[in-house]
Amino acid sequence: SLVSEGLANTKANTQLAIDNIEQAFQLAKKAKSFWHISFTQSAMGHISMGQRDYQAAFVNYTDALEYLKKADTTDYANLMAIHQNLAKINRKFELNKDAVRHYRLAQEALLTYKDRYPDILIARNHQKKLIDIPFYMANSYMDMGDYEAAGKILLPMWDKTRKDQDIPALAKVLNLCGIIQKNAGDLNEAEYYLGLVLGAEGVKPSHRAIALHNMGATTLAAGDYDRAQGYFSDALAMKTDPENKISKRSQFITHLDMGELYYRTGQTQKAIDSWNAGLSTFDKVEGEPELFEVYNWLQKAHIKLQSDKALEYNDTYASLYKEWTAEQQRQKAQNNSLVLQRALDARKMEIEAEFNEDEQLVLYLELGILVLGAGISGVLLYFKA
């Protein structure tokens with residue numbers, strides 16, 4: 001299908017992917033099928049997310065949501081994915097109240113999906129979302145500083161994942177519990193939760209590496225630099241082992257915090273080397289203040305060394321922070337439905353509310369989309385949030 005071709009081409013040829021999705025959109029618009037229009041808008045949102053164009057992604061997913069509301073059937077998997085992605089965008093700009101709202105709506109869609117179409121849920125491996133969605137909702141509460149609300153979500157999840165012997169999910173939950181306790185200043189409790197991850201059997205390398213890193217961050221906060229050094233070194237060794245297939249972003253975070261450790265202990269050149277190693281591994285830091293903080297650290301270190309590079313890193317950090325702040329303000333404006341209304345209304349005017357069955361049949365044949373039946377038509381598109 002055009003949509004499948006478009007998504008397959010996203011990395012190799014973004015423009016071709018956009019062209020494919022646009023063709024599918026035009027066919028859907030011609031047939032006046034709200035469901036298919038929503039489906040193509042979701043696909044376009046996925047492409048925008050891949051390009052890190054979060055403004056475009058927000059508009060695409062918002063459009064997809066509006067058209068899905070008008071469809072004659074509800075695609076609960078797509079509805080869940082749309083809300084997940086809108087939540088992710090809001091988290092990116094620290095709009096955590098909006099993120100929580102979308103995670104709640106995603107959870108509602110997921111539970112209905114599970115009740116009505118359990119076989120499709122399992123076939124699409126969407127049952128893992130029963131853990132993922134509340135987990136990221138708890139993350140949003142943590143980012144807001146509402147540790148009580150985060151705990152109310154996580155503690156029942158801890159009990160469930162332990163009883164189900166779902167080790168990967170349990171490790172995620174305990175890691176987050178540890179970070180919440182660290183952020184709340186209870187470092188002993190943080191070590192307790194993280195120690196449960198490190199002491200458990202069958203924990204995936206990625207989750208074990210995160211627990212090691214979090215132990216490093218916790219002991220660093222406690223001023224126990226020798227232990228922090230050991231944990232960071234073990235985490236980095238595990239993260240950089242190609243067999244473990246741990247993300248470059250995750251590796252960067254350990255380089256970042258290890259650099260802070262070196263800086264605090266007066267090893268300025270080692271700190272600079274660690275931060276540069278991180279940037280050579282992963283340099284897509286521009287949209288995340290907690291990551292582009294590396295340039296702030298680099299300027300501090302170069303000031304200590306009385307290096308001319310300090311001004312360069314200061315300019316880079318200031319520029320990235322200014323861009324992120326401006327983008328955050330734009331995102332707040334986009335979240336206001338009045339700002340979006342003109343764009344939504346203009347698009348809605350192109351589509352008539354009624355269409356005949358012959359036109360819909362032609363659309364199915366042209367797009368090549370399989371009808372799954374039982375109230376959910378089309379391939380259930382999942383986008384990772």
Side-chain angles (χ1 to χ4, degrees), residues 1-7 20-48 57-87 101-124 126 129 133 337 340-383 385:
S1 75
L2 288 169
V3 173
S4 298
E5 284 181 36
L7 294 174
N20 288 146
I21 303 297
E22 181 62 26
Q23 287 180 53
F25 172 77
Q26 293 301 329
L27 286 170
K29 187 172 73 169
K30 182 179 178 182
K32 306 178 183 70
S33 169
F34 289 120
W35 182 85
H36 288 96
I37 293 170
S38 175
F39 189 80
T40 58
Q41 289 299 106
S42 286
M44 194 64 80
H46 176 68
I47 292 173
S48 299
F58 182 87
V59 173
N60 283 319
Y61 283 124
T62 302
D63 281 353
L65 190 60
E66 289 299 312
Y67 295 129
L68 193 56
K69 288 177 182 177
K70 290 180 172 291
D72 57 1
T73 186
T74 301
D75 180 343
Y76 291 103
N78 196 22
L79 182 61
M80 172 191 70
I82 290 168
H83 282 301
Q84 276 186 289
N85 280 290
L86 287 170
R101 177 171 59 84
H102 282 294
Y103 279 130
R104 289 201 181 282
L105 292 169
Q107 189 173 41
E108 288 176 13
L110 172 62
L111 293 176
T112 305
Y113 177 22
K114 173 179 173 287
D115 290 342
R116 297 188 183 182
Y117 312 105
D119 293 341
I120 296 174
L121 180 89
I122 293 168
R124 292 279 166 183
H126 284 172
K129 293 289 139 193
I133 289 174
S337 61
L340 282 176
Q341 199 62 49
R342 293 182 199 168
L344 294 174
D345 287 345
R347 184 65 63 83
K348 289 172 194 172
M349 287 176 64
E350 298 176 355
I351 301 166
E352 296 179 9
E354 297 179 359
F355 56 90
N356 61 55
E357 292 181 359
D358 290 339
E359 285 178 318
Q360 188 179 22
L361 178 59
V362 169
L363 178 68
Y364 278 109
L365 294 174
E366 287 181 306
L367 292 179
I369 295 176
L370 174 67
V371 178
L372 296 178
I376 293 185
S377 59
V379 177
L380 296 176
L381 190 62
Y382 163 59
F383 301 119

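Applying the side chain to side chain donor-acceptor pair (under 3.5 Å) rule to Glu108 yields no partners; only residues at least two apart in sequence or on another chain are considered.
Considering CD of Glu22 and NZ of Lys29, their distance stands at 7.5 Å, rounded to 0.5 Å. Distance NZ/Lys30 to CD1/Ile37: 13.5 Å, rounded to 0.5 Å. Note that NE2 of His46 and CG of Asn60 are 12.0 Å apart. Values are rounded to the nearest 0.5 Å. To the nearest 0.5 Å, atoms NZ (Lys69) and CG (Leu79) are separated by 9.0 Å. Residue Leu65 holds its CG atom at 11.5 Å from CD of Gln41, rounded to the nearest 0.5 Å. In this structure, Met80 CE and Leu110 CG are separated by 6.0 Å, a value rounded to the nearest 0.5 Å.
The backbone N or O of Leu111 sits nowhere less than 3.5 Å from a side-chain atom of Tyr76 that would complete a donor-acceptor pair. Using modelled atom types, no side-chain atom of Ser38 and backbone atom of Phe34 make a donor-acceptor pair closer than 3.5 Å.
Nearest heavy atom pair, residue His36 against residue Ser33, reads ND1-OG, 2.7 Å. Closest heavy-atom contact between Thr40 and Ile21: O-CG2, 3.4 Å. Summarising the geometry of Ala57 relative to Gly45, their closest heavy-atom pair is CB-O, 3.9 Å, with the distance given to 0.1 Å. Looking at every heavy atom in both residues, Ile133 comes nearest to Tyr103 through CG2-O, 3.5 Å.
Residues Asp63 and Val59 are in side-chain contact: their nearest non-hydrogen atoms beyond the backbone lie under 4.5 Å apart. The closest side-chain heavy-atom distance from Tyr61 to His83 is not below 4.5 Å.
Of the residues Lys129, Gln107, His102, the one that meets the side chain to side chain contact (heavy atoms under 4.5 Å, CB included) test with Gln84 is Lys129.
Using cut-offs of 30° and 60° for the angle between ring planes, the Tyr113 and Tyr117 rings count as tilted.
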